[in-house]
**Student:** 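My questions will all concern the structure given below.
Keep in mind it's a predicted model, so treat the numbers as computed, not measured. Quick note on labels: first sequence line is chain A, next is B, and so on, each numbered from 1.
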Protein chains: 2
Amino acid sequence: MQLAEAKAKFIADWGRFGTNWGINRTMAQIHALLLISPDPLSADEVMEELSISRGNVNMNIRELIDWGLVQKVIKPGERKEYFSAEKDIWKVARQIVKERKKRELDLMIPVLKELSEVEGDKRDKAVKTFTDTINNIRKFSDQADRTLDTMIRADEHWFLGSLMKLFGGKRD
Amino acid sequence: MQLAEAKAKFIADWGRFGTNWGINRTMAQIHALLLISPDPLSADEVMEELSISRGNVNMNIRELIDWGLVQKVIKPGERKEYFSAEKDIWKVARQIVKERKKRELDLMIPVLKELSEVEGDKRDKAVKTFTDTINNIRKFSDQADRTLDTMIRADEHWFLGSLMKLFGGKRD
DNA sequence: TCGAACTTTCAAAACTTATTGAAAGTTTTA
DNA sequence: TAAAACTTTCAATAAGTTTTGAAAGTTCGA
């Protein structure tokens with residue numbers, strides 16, 4: 001496969017993949033394009049490469065910056081803004097975990113606490129099933145919360161090394 | 001908060017949460033409803049509780065069964081089918097990881113291999129950046145593949161115990 | 001301060017996905 | 001075998017999301 005074809009395929013696939021994860025297709029495509037660009041690109045170059053409108057490029061790049069996946073680059077002596085993506089996938093993964101945790105888990109935990117405090121007679125089967133389920137989810141979420149925090153802090157080498165030693169080895 | 005209010009809130013929140021994860025709102029709501037029901041529910045009961053159509057219930061329950069999160073329950077002497085959800089959240093999480101891995105990562109890995117075999121001169125900066133990025137993603141994906149497989153196989157106790165020992169302890 | 005070069009906004013349009021409900025299909029009982 | 005009791009399908013439609021592009025806003029250099 002030639003580079004041009006491979007690039008197009010990667011952009012399309014990364015875009016499709018992104019939609020599975022609640023990221024919109026264009027945002028993932030811009031991310032893909034920047035990941036494989038040796039140099040930062042301007043909004044015009046992104047428009048051109050992906051055949052999308054200026055507004056669309058602007059909105060989605062803004063969101064990528066918000067997610068901490070893309071940075072503005074100012075070239076000396078130029079008015080245009082350029083954009084480049086973090087290329088180390090471990091950093092990208094950690095950044096995504098960090099943001100999603102902030103946007104999802106951190107919001108869910110207080111809601112679960114509130115729900116666990118439902119009033120009612122514990123001998124009532126409906127009440128018992130409800131609180132048991134909520135508490136089960138809480139325990140899981142608290143665990144996930146701590147585990148993800150540690151992962152976010154860990155560096156690649158430590159994380160891979162330890163996890164592989166763990167998973168590769170004993171079974172209890 | 002009274003039970004009825006808490007149930008409604010949980011169903012709404014779980015539904016909203018689901019959409020962040022590529023699961024549609026109704027599917028997540030049905031799942032929530034079944035999670036907090038002491039007994040299996042019929043399609044009619046789900047329709048009634050969530051005010052949604054029969055077709056919608058049927059489609060989404062079918063998908064939940066497909067994901068391995070819900071089971072048909074036949075009550076002796078009754079024509080109706082009833083449905084119940086797995087209530088152990090660790091099993092639910094493992095099941096979701098297993099299905100998503102099958103539907104996403106397992107499809108991505110061969111594509112990345114193909115893309116890594118792009119033709120061209122490695123001294124060309126565009127080619128080098130492309131293959132470097134793809135190989136970086138491949139390494140990450142292969143690692144994730146193995147780690148997730150192990151997690152899917154692990155039981156709750158082993159997983160939590162080991163992971164917490166690991167994350168709670170040394171920093172390398 | 002002006003105007004050129006650029007970025008941002010946002011309402012309307014296009015596209016995508018989810019839902020309905022009536023019709024078709026299936027299973028069970030008598 | 002017939003009819004009742006249920007489940008499934010699917011075309012039409014509704015709802016939700018993304019994209020466009022023109023207008024408004026901003027910044028910079030002279």
**Student:** Can you measure B:Ile52 atom CD1 to C:dT20 atom P for me and round it to whole angstrom units?
**Tutor:** 7 Å
**Student:** Rounded to whole Å, please give me the gap between CG in B:Asn60 and C1' in C:dT19.
**Tutor:** 9 Å
**Student:** Nearest-Å distance, CG (B:Leu50) to C1' (C:dT20)?
**Tutor:** 15 Å
**Student:** Distance under 4.0 Å to a non-hydrogen atom of chain B counts as contact; along DNA chain D, which nucleotides mark the start and end?
**Tutor:** D:dA4 to D:dT9
**Student:** Other members of the hydrophobic cluster containing A:Ile74, with the 4.5 Å side-chain heavy-atom rule, please.
**Tutor:** none
**Student:** Can you list everything that forms a salt bridge (charged side-chain N to carboxylate O under 4.0 Å, His left out) with A:Lys128? Sequence neighbours excluded, please.
**Tutor:** A:Asp132
**Student:** Rounding to a whole Å, what distance do you find between B:Lys80:NZ and C:dT28:P?
**Tutor:** 16 Å
**Student:** Scan residues 26-38 of chain B for pairs that pass side-chain hydrogen bond (donor to acceptor under 3.5 Å, both in side chains), counting only residues two or more places apart or in two chains.
**Tutor:** B:Trp14-B:His31
**Student:** With DNA chain D as reference, determine whether A:Val57 or B:Arg79 sits nearer its 5' end, using the nearest nucleotide of each.
**Tutor:** B:Arg79
**Student:** Nearest-Å distance, NZ (A:Lys72) to P (C:dC6)?
**Tutor:** 15 Å
**Student:** Taking CE from A:Met59 and C1' from C:dC10, how many angstroms apart are they, rounded to a whole number?
**Tutor:** 9 Å
**Student:** Going by an N to O cut-off under 4.0 Å, is there a salt bridge joining A:Arg103 and A:Glu99?
**Tutor:** yes
**Student:** Under 4.0 Å between any heavy atoms, over every strand shown, what does A:Asn24 touch: base, sugar-phosphate, or nothing? Just pick one.
**Tutor:** sugar-phosphate
**Student:** Residues two or more places apart in sequence or in another chain: which of them pass side chain to side chain donor-acceptor pair (under 3.5 Å) with B:Asp149?
**Tutor:** B:Lys101
**Student:** May I ask you to list the residues sharing a hydrophobic cluster with A:Val73, side-chain cutoff 4.5 Å, ordered by chain and number?
**Tutor:** A:Tyr82
**Student:** Find which nucleotide of DNA chain C each of A:Phe83 and B:Arg54 is nearest to by heavy atoms, and output the residue with the more 5' nucleotide.
**Tutor:** A:Phe83
